Amino acid sequence: MENTATDFIRDIVREDLRLGKNDGKVQTRWPPEPNGYIHVGHAKGFLLAYEIAQEFGGTFNLRFDDTNPAKEEQEFVDGIIEDMRWLGVDWRSVFFASDYFEQLYEWAELLIEAGKAYVCDLSPEEVSAYRGTAIEKDGQVITLPGKDSPYRNRSPEENLSLFRRMRAGEFPDGARTLRAKIDMAHPNLNMRDPVMYRILRATHHRQGDAWCIYPTYDWAHGQSDAIEGVTHSTCDLGFENHRPLYDWFLDQLPIRTRPRQIEYGRLNLTHTVTSKRWLRQLVEGGHVSGWDDPRMPTLRGMRRRGYTPEGIRAFVRATGVTKSQGIVDAALLEHFQRQDLNRTSPRVMAVLDPVRLVVTNYPEGEVEWLDAVNNPEDPSAGTRKVPFSRVLFIEREDFLLDPPSKFFRLAPGREVRLRYAYFVRCVDVVQDAHGEIIEIRCTYDPATRGGDAPDGRKVKATLHWVSAAHAVDLEARLYDDLFTNDDPTEVAAGQTWLDNLNPSSLVVACGKGEPSLRDARPAERFQFERKGYFCLDPDSSADRVVVNRTVGLRDTWAKSQATPG
RNA sequence: UAGGGCGUAGCCAAGCGGAAAGGCAGCGGCCUUUGGAGCCGCCAUUCGGAGGUUCGAAUCCUCCCGCCCUAACCA
């Protein structure tokens, strides 16, 4: 794979290698919690870890961070694996933090025996108060120094006994915790005797009811990295101030390898949200059709929309790896999608807003099968036959009764080319009682068959079209930004972030497509000439063709119309 | 408030003491049987601000300003 990318994390890996750390090995991992489906932001995370392992001849593993049975489900582990595979990522092994519960438990006893952990009977509110959690005072937020828990000085023997009874299920949920004995005055709140175990009776998706105490993230994460032999443990900036704790735990344990946590800024995209909490609300609130709604930034949403794995990877790569927190313009994602789709998508003609065009001097009942190029970017894609006949459909917006000067398309008396077919000249227009155009009447020049005029005359426009008698009906789902503003988390006074939803993020059009579309398979991608990239939706059936617009073509004409002047 | 981070063009982002890469967006033009694609050109006298060190600073030092994160028995 061609990837000369470099960034501060790769610099660290390179330097560690140069210094001979970790016996010259590189091992990375990606540790999702199986509590939802993954999105582009996650893709940045695992692509980074995966590609680093590849570039440095190392190992990449997938590990599910399943330490909270209350939120996790098998459905999501399956979904995450499926989505990662689709993006083209693979791994040496799939691990589960829950497989380390016994080891973690033993290590916890080790800490207790060393006087480094204790069982605490404080309630969550009390823990928070003793910790010196920030409070508001005189309009100012202040942080108080922490106070020792009254249970902090229990003997190792008593702690061990209590901890074993916790595991044995002798106490109710939430009654006690095991806490690390670090420093209640530490400026980093994470170091003020963090909780290592909580009592929680919930059925774990893999462990069933084997446990009623569960390790917290902090007590499980670094240890899992160490057990697996991870050398470089990447995560997002949100975990920066957990690093001292990550290191502290590792310092107490008899481990053979020493993982290093490195944080990077997460990927945010304009006009969408990338937070499982918000995405879940969109799904559960019915604002989208599901986790795979084509407007969702989830990998399955993007897949259904027709985005290509290559395009997504190129996009993620282009955004770089830094510690700054930015919002990347969604136009960059679209750019990489168009770039990939342009060279790979077969072209097809489809009309999204059809209006009848009758070629008055073309023989009734006659059909010609004309040659059309499948992909001008790829000669090996070959050609296909497209039927031409007397009655056609063209795009309603390609005709104007009274065109402005810059409008090159069809108008009364004007001649244009029908792609791969003939030059036609508009000779008449039929309107209904409301002035709505119901039929455009043209004559064609038989000498221009294929689209070239032997006399060398030029036309200013080439239109796409379909033969009415041969057309397949299309339900075209046209997507726009899910949210109207760049950053949907910015909420106007008196509103919620849901008020930022774009009411026209989905528009359904009833179109007409060339007959080859009848044989399309779900997920198959096309370029509808002059309109955009589309793919077949799984909602399609034998008598219904449903397509999703992945992304439109760049349209400088529409743009110039949108901003007159 | 404390602790941890971050500030280079509209958006990402290189740069690490010798004198502002690149991509996206935008704007012109060429070309075109997709107003697509492609091609060419333009787009930061300046790097959050102010001082200082230096022959020389986006890069080093000092102070200031702004923004973000954390303060769950979530991850």
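Since the structure is predicted, the reported quantities are computational estimates derived from the model, not experimental observations.
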Return yes if some donor-acceptor pair links the side-chain N/O of [X] with the main-chain N/O of [Y] below 3.5 Å, else return no.
X	Y	result
A/R198	A/P215	yes
A/T28	A/A49	yes
A/N159	A/V119	yes
A/W465	A/R419	yes
A/R192	A/H186	yes
A/D481	A/T484	no

| said: I'd like to know if A/H186 reaches the base of B/rA2 with its side chain, counting only an N/O donor and acceptor under 3.5 Å. | reply: no

Distance check: side-chain N/O of [X] vs OP1/OP2 of [N], anything under 4.0 Å?
X	N	answer
A/S128	B/rA72	yes
A/R530	B/rG35	yes
A/R409	B/rG35	no
A/R243	B/rU70	no
A/R277	B/rC74	no
A/H464	B/rU34	no
A/K559	B/rG26	yes
A/R131	B/rU70	no

If we take the [atom1] atom in both [N] and [M], what is their distance in whole Å?
N	M	atom1	result
B/rG41	B/rG5	C1'	41 Å
B/rC61	B/rU53	P	15 Å
B/rG29	B/rG7	C1'	37 Å
B/rG36	B/rC27	P	12 Å
B/rC6	B/rU59	P	16 Å
B/rC40	B/rC31	C1'	11 Å
B/rA75	B/rC69	C1'	15 Å
B/rC11	B/rU45	P	15 Å

Does [X] reach a base, just sugar-phosphate, or nothing at all? Heavy atoms under 4.0 Å.
X	answer
A/R419	base
A/K406	base
A/T177	base
A/D452	base
A/E529	base
A/Q527	base
A/L122	base
A/P215	sugar-phosphate
A/T270	nothing

Quickly work out the [X] [atom1] to [N] [atom2] distance and round it to whole Å.
X	N	atom1	atom2	answer
A/L237	B/rC68	CG	P	14 Å
A/L267	B/rC6	CG	P	19 Å
A/W219	B/rC73	CH2	P	17 Å
A/K460	B/rG36	NZ	P	14 Å

| said: Quick check on RNA chain B: between A/F239 and A/F407, whose nearest nucleotide comes earlier from the 5' end? | reply: A/F407

| request: Assign each of A/Y533 and A/Y217 to its nearest nucleotide of RNA chain B by heavy atoms, then name whichever residue's nucleotide is nearer the 5' end. | output: A/Y533

| task | Return the stems involving RNA chain B, sorted by first number, where pairs are Watson-Crick (N1-N3 with N6-O4 or O6-N4) or G-U wobble (N1-O2 and O6-N3), both under 3.5 Å, and runs are 3 or more long. | result | B:1-7 with B:65-71, B:10-12 with B:22-24, B:26-30 with B:38-42, B:48-52 with B:60-64

| message | Can you tell me how the ring of A/F95 sits relative to the ring of A/Y100, calling it parallel under 30°, perpendicular over 60° and tilted otherwise? | response | tilted

| If you measure only the distance, is there a donor-acceptor pair under 3.5 Å linking the side chains of A/H271 and A/N485? | no

| message | Would you say A/S345 and A/N375 are linked by a side-chain donor-acceptor pair, where the criterion is simply a distance under 3.5 Å? | response | no

| For the ring pair A/H242 and A/Y246, is the centre-to-centre distance below 6.0 Å? | no

| Beyond-backbone contact of A/R165 with A/F171, side-chain heavy atoms, under 4.5 angstrom | yes

State which of [options] makes the closest approach to the side chain of [X].
X	options	result
A/P376	B/rC74, B/rU34, B/rC73	B/rU34
A/E240	B/rG4, B/rG23, B/rG36	B/rG4
A/D329	B/rG35, B/rC73, B/rC11	B/rC11
A/H335	B/rG23, B/rG26, B/rC73	B/rG23
A/W557	B/rG36, B/rG35, B/rC73	B/rG35
A/N241	B/rG35, B/rA37, B/rU70	B/rU70
A/N68	B/rA37, B/rA75, B/rG35	B/rA75

Using atom names, set out every protein N or O paired with an N or O of nucleotides 13-15 of chain B below 3.5 Å, distance rounded to 0.1 Å.
unit_1, atom_1, unit_2, atom_2, d
B/rA13, OP1, A/T322, OG1, 2.7
B/rA13, OP1, A/S324, OG, 3.3
B/rA13, OP2, A/S324, OG, 3.2

| query | So, is the end of the A/R167 side chain (NZ or CZ) under 6.0 Å from the ring centre of A/Y105 and within 45° of the ring's axis? | reply | yes

| field | A/R206 NZ/CZ over A/F96 ring centroid, <6.0 Å and within 45° of normal | value | yes

